[in-house]
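Below is one structure, written out as structure tokens; the observations come after it.
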Amino acid sequence: MRVLALLDGTLADPEAPLLRADDLSVMRGDGVFETILVADRKPRELGPHLDRLERSARLLEMRLPERAAWERAVRTVIDNWPWDTDREMALKLVCSRGVDGGDGTPSAFAMGMQIGPETIRKRRDGVSVVTLDRGFAPDLMERAPWLLLSAKTLSYAVNMAAMREAESRGADEVIFVATDGTVLEGPTSNVVLAKGRTLYTTPPSTGILRGTTQGAVFRAAEEAGWQTRVETFSAEELLRADGLWLASSVRLLTQVHTVDGTRIPADADLHAELSKLYESNY
Ligand code: PLP
């Protein structure tokens, strides 16, 4: 199931070609995107997602359609989604730099998609992860802004290759580690760790994506009396945690039960508590 809308708020046929072959998203992955969960017609964290889309476009120095146009396209997709049969969708906002040699007019669309059975299984059963080297130091973002760390660009081939590596090692997911052994993020998720009643996540200054889900979870947890810390921690801490999750819009808070082949505590009550906090906060 796909529902495709253009930024003037009209629907388009999701099975018909939309982009030119010389579009820079096709030629070079040169563009930005967001993936938003819509549940029961309500887009979650839409403001933070649009803020992040704008930030990514600024980092890439590319033109982005105005916010009202994105909001209009989001509305069109939501209004045309078959809510009777599907109570959730993953809504992608995609924007490329336009065609090669063009005047920079962006190509953009919003597309609603069904959430796959694998994601549902991982949400329900939790996941095993492997830690993989991301190959950069946590201070690289500051030293080399042209590497576009922390921008959500359309170039996700490396992230997808890491997921295949995890699969080939018999694991469900990946946690990337910096060259100094500190934890970064997953290929499409942020890491959230619990120690007692304190939640930890990696700082965005390390070049990771600032997560809207992690942000919402921390907001809700703070209101409920948890302590939260945004600071670096080593990969060994993953094994010492009282609870570990991967957080992202579509996977929500997915509990991690195994790290590099070692079982870690995966308390169902703790998972239920944090998931409920997140659900209550949007
Ligand atoms: N980190 C990366 C690299 C991602 O691609 C994503 C989302 O896809 C996230 C983190 C989680 O972000 P969010 O919670 O806003 O979906």
Side-chain angles (χ1 to χ4, degrees), residues 29 31-39 42-56 59-60 70 74 88-95 111 113 115-116 118-119 122-123 127 129 131-136 138 140-141 147-163 165-166 172-178 182-193 199-221 228 230 232 244-256 274-275 277-279 281-282:
V32 295
F33 79 107
E34 282 295 321
T35 306
I36 302 166
L37 180 70
V38 186
K42 272 194 240 142
R44 292 203 183 166
E45 303 296 314
L46 182 59
H49 277 289
L50 291 175
D51 290 346
R52 196 169 65 187
L53 190 68
E54 288 169 2
R55 180 176 180 279
S56 297
L59 287 168
L60 268 73
W70 289 109
V74 166
E88 285 187 328
M89 74 160 134
L91 175 58
K92 278 200 182 282
L93 309 182
V94 178
C95 187
M111 184 161 68
M113 301 162 75
I115 295 173
E118 257 305 88
T119 303
K122 289 177 178 180
R123 278 183 187 173
V127 290
V129 303
T131 53
L132 294 182
D133 190 351
R134 187 70 181 83
F136 61 75
L140 185 64
M141 175 164 104
L147 293 179
L148 301 178
L149 300 181
S150 86
K152 197 165 167 65
T153 78
L154 287 169
S155 315
Y156 260 48
V158 167
N159 306 45
M160 296 301 106
M163 290 298 284
E165 177 66 22
D172 298 306
E173 294 271 354
V174 174
I175 292 180
F176 282 131
V177 176
T182 56
V183 167
L184 292 170
E185 62 185 339
T188 62
S189 63
N190 292 105
V191 176
V192 172
L193 182 149
L199 295 179
Y200 294 81
T201 199
T202 305
S205 59
T206 56
I208 65 161
L209 200 68
R210 183 186 291 274
T212 63
T213 313
Q214 170 273 317
V217 169
F218 274 39
R219 225 167 46 224
T228 61
V230 181
T232 50
L244 181 64
W245 293 266
L246 296 180
S248 80
S249 300
V250 172
R251 67 163 61 66
L252 307 170
L253 269 178
T254 291
Q255 197 168 32
V256 177
L274 283 180
S275 300
L277 280 176
Y278 172 64
E279 294 298 328
N281 191 252
Y282 82 96

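Order of listing sets the numbers, starting from 1, for every ligand and every atom in it. What you see is a predicted model, and the numbers here were worked out from it, not measured in a lab.
R210 CZ: 12 or fewer foreign heavy atoms inside a 6.0 Å radius.
Taking a cutoff of 4.0 Å between a charged side-chain nitrogen and a carboxylate oxygen, E34 and R52 qualify as a salt bridge.
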TODO: Step by step, work out the side-chain contact (heavy atoms from CB on, under 4.5 Å) result for L252 and L37.
DONE: CA-CA 9 Å; L252 307 170; L37 180 70; 3.6 Å; yes
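The side chain to side chain donor-acceptor pair (under 3.5 Å) check on T228 picks up E222, with sequence neighbours excluded.
Closer than 4.0 angstrom to ligand 1 lie heavy atoms from H49, R52, K152, Y156, E185, G186, P187, T188, S189, N190, L209, G211, T212, T213, A247, S248, S249.
In this structure a side-chain-to-backbone donor-acceptor pair under 3.5 Å is missing from R55 to K152.
Counted by atom type alone, T213 and R44 present zero donor-acceptor pairs between their side chains at under 3.5 Å.
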